Amino acid sequence: MNSYAIKVYGCQMNVYDAERLRTAMAKEGFSEVSLEEKPDLVIFVTCSIREKAEQKVWSEIGRLDSQWRRKGAPKVAVIGCMAQRLGSKFMDRFKSVCLIAGPRNLGKVPEALSKVAKNEERVLLLDDPRELSDLDCPPLRRDNPWRAYITIAHGCDNFCTYCIVPFTRGRFRSRAPEEIFKEIDFLVADGVREIILLGQNVNSYGADFDSGYRFSNLLRDVASDERVDLVRFLTSHPKDFTEDIVDVMASNSKICPAINLPIQSGSDRILSLMNRGYTVEQYAKIVETIRNKLEEVAITSDLIVGFPGETEEDFNASVDALKRFRFDLVHTAAYSPREGTAGAKMKDQLSEEEKYRRLNIVNELQNKISYEINASLKGKKYKVLLDSLPPKGEGLLQGRTPTDKVVLVEGDPGLLGKFVEVSITEAEHWCLRGKLEKIIG
Ligand code: SAM
Ligand code: SF4
């Protein structure tokens, strides 16, 4: 067994984990192929954030498993949050599953897969959430040659009552700055121009160090590296957001003025039940500071509708928050009860029908707001790094404005990896279209 395919579900951290795993698998002698090429092994990097994300993986593994019973291939490895949450259930249910590894065991996966490849052994790598065996391997096998993710902190200790992440990704631990800088050395040598710093709560970066070195210091130091052209980061937790972060952003034009600041609800009562640690007015103060200090800034957010006990009044408060803050984009979701979390045990769970009714209302409103904001940008000029081909649209190239809005322009694929000036000609609620004005380099 030496060929494998990999399927990645969920957040950017999973993309980052998969990229490092792909790099390590190449060193271990495995070759990556597509599913259609009938690999010996399929690796699933999984997400547990909502029931739907898990159902997709479960049914896909079921499909492969019935194939395995008939033809003897492929074997399946399950990595990530679902692996940590459901553990041996995968092995009990599917004969083809040969390895299960939670996110904090990634470092042991390549070697374990080599062993599994040679015999009929089945390996289960699920440890204490405080332990961490990370992959010491930069993400050199990326789909995007010019932009790269770097996780700056593992896990989360916030225990928002709806969220499974603290249970699957374990305790919060910041990565040492030297480790992050070393990874950047590899990435810039590999041609990367844009770095995206990742954490469930980047603002708490360094809270576990004695040195006093915090997120704003890291942000400043990464942006002052002359070899890096652009720096972005996500996610910012409102309860830990401090003004020094905005000050560093304002002082360095390489740090993109785009902040993902999840509000989750517009009702103080629900925010308290969610254990979020801030009120709507405290949230509003942060938004005010950000908008006062940064000239053109995009604020995006996350919102959950239908949390247990959410009344019509609470829901209307969330609708009002969308109208008040006019976010550039909002990742909306219907509440999905996750076994083991406090929210799943709460009374007054809403029906699926009611949750989706509320979801449709907020989506319709937010799409209108996002469209209005984007339409107001027509005629503006932005410096954009063209970094990929869009999934649809022949002859088009894709990049992002400094404010993290997707822009599509007509152009030659030879321009990929270059900064260009784009003037905005058309807007949709999720993206902009533009005209290429000049090549910057
Ligand atoms: N750490 C970030 C924060 O503090 O907001 C969010 C990370 S979480 C992995 C991504 C998003 O998934 C959350 O912002 C939330 O809106 C959504 N989410 C998490 N658990 C959920 C659940 N049980 N049901 C619906 N949406 C959920
Ligand atoms: Fe989940 Fe809350 Fe941690 Fe974000 S801060 S990962 S929502 S527990």
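No experiment lies behind these values; they were computed from the predicted model shown. Order of appearance sets the numbers: ligands from 1, and atoms from 1 within every ligand. Atom set for the values below is all heavy atoms of this structure, side chains included, hydrogens, waters and symmetry mates excluded.
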**OP:** Report, in ascending order of atom number, the atoms of ligand 2 lying under 4.0 Å from any heavy atom of R276.
**Re:** 2 (Fe), 7 (S)

Less than 3.5 Å apart, which donor and acceptor atoms pair up between the side chains of residues 364-374 and the rest of the protein, not counting sequence neighbours?
{"residue": "Q366", "atom": "NE2", "partner": "F327", "partner atom": "O", "Å": "2.9"}
{"residue": "Q366", "atom": "NE2", "partner": "S370", "partner atom": "OG", "Å": "3.0"}
{"residue": "N367", "atom": "ND2", "partner": "N363", "partner atom": "O", "Å": "3.4"}
{"residue": "K368", "atom": "NZ", "partner": "E372", "partner atom": "OE2", "Å": "3.3"}
{"residue": "S370", "atom": "OG", "partner": "D328", "partner atom": "O", "Å": "2.8"}
{"residue": "S370", "atom": "OG", "partner": "Q366", "partner atom": "O", "Å": "3.1"}
{"residue": "E372", "atom": "OE1", "partner": "R326", "partner atom": "NH1", "Å": "3.4"}
{"residue": "E372", "atom": "OE1", "partner": "R326", "partner atom": "NH2", "Å": "2.9"}
{"residue": "N374", "atom": "OD1", "partner": "K405", "partner atom": "NZ", "Å": "2.9"}
{"residue": "N374", "atom": "ND2", "partner": "E428", "partner atom": "O", "Å": "2.9"}
{"residue": "N374", "atom": "ND2", "partner": "H429", "partner atom": "O", "Å": "3.3"}

Subject >> S267 side, atom OG; L273 side, atom CG - distance, nearest 0.5 Å >> reply: 8.0 Å

**OP:** Considering heavy atoms of the protein only, find what lies nearest to atom 7 (S) of ligand 2 and give residue, atom and distance to 0.1 Å.
**Re:** Y162 OH, 3.3 Å

Subject >> ring pair (Phe, Tyr, Trp, His ring centres under 6.0 Å), paired with W58, selected from F90, F44, Y9 >> reply: F90

Original post:
Should we count CD of E313 as having more than 12 external heavy atoms under 6.0 Å?
Top reply: no

Please tabulate, line by line, the atom pairs linking an N/O of ligand 1 to a protein N/O at a distance below 3.5 Å, with the distance in Å to 0.1, or answer 'none'.
{"residue": "ligand 1", "atom": "1 (N)", "partner": "Q200", "partner atom": "O", "Å": "2.7"}
{"residue": "ligand 1", "atom": "1 (N)", "partner": "Q200", "partner atom": "OE1", "Å": "3.2"}
{"residue": "ligand 1", "atom": "4 (O)", "partner": "R276", "partner atom": "NH1", "Å": "3.1"}
{"residue": "ligand 1", "atom": "5 (O)", "partner": "Q264", "partner atom": "NE2", "Å": "3.0"}
{"residue": "ligand 1", "atom": "5 (O)", "partner": "R276", "partner atom": "NH2", "Å": "3.4"}
{"residue": "ligand 1", "atom": "14 (O)", "partner": "Q264", "partner atom": "NE2", "Å": "2.7"}
{"residue": "ligand 1", "atom": "14 (O)", "partner": "D302", "partner atom": "OD2", "Å": "2.5"}
{"residue": "ligand 1", "atom": "16 (O)", "partner": "Q264", "partner atom": "OE1", "Å": "2.9"}
{"residue": "ligand 1", "atom": "23 (N)", "partner": "Y162", "partner atom": "O", "Å": "2.9"}
{"residue": "ligand 1", "atom": "23 (N)", "partner": "S336", "partner atom": "O", "Å": "2.8"}
{"residue": "ligand 1", "atom": "24 (N)", "partner": "S336", "partner atom": "N", "Å": "3.0"}
{"residue": "ligand 1", "atom": "26 (N)", "partner": "R50", "partner atom": "NH1", "Å": "3.2"}

**OP:** Look at atom CG of D136 and say whether more than 12 heavy atoms of other residues, nucleotides or ligands are closer to it than 6.0 Å.
**Re:** no

Original post:
Run the salt bridge (charged side-chain N to carboxylate O under 4.0 Å, His left out) check on E310 and R269 step by step: do they pass?
Top reply: CA-CA 9 Å; E310 185 188 74; R269 199 180 71 84; over 6 Å; no

Original post:
OH of Y213: more than 12 outside heavy atoms within 6.0 angstrom?
Top reply: yes

Original post:
Side chains of P402 and P257: does their closest heavy-atom pair fall under 4.5 Å?
Top reply: yes

**OP:** Sort by chain and number the protein N/O/S atoms found under 2.8 Å from atom 3 (Fe) of ligand 2.
**Re:** C156 SG

Subject >> E111 atom CD: more than 12 heavy-atom contacts under 6.0 Å >> reply: no

**OP:** For residues 149-162, pull every pair meeting salt bridge (Lys or Arg N to Asp or Glu O under 4.0 Å), keeping only residues two or more places apart or in separate chains.
**Re:** D157-R171

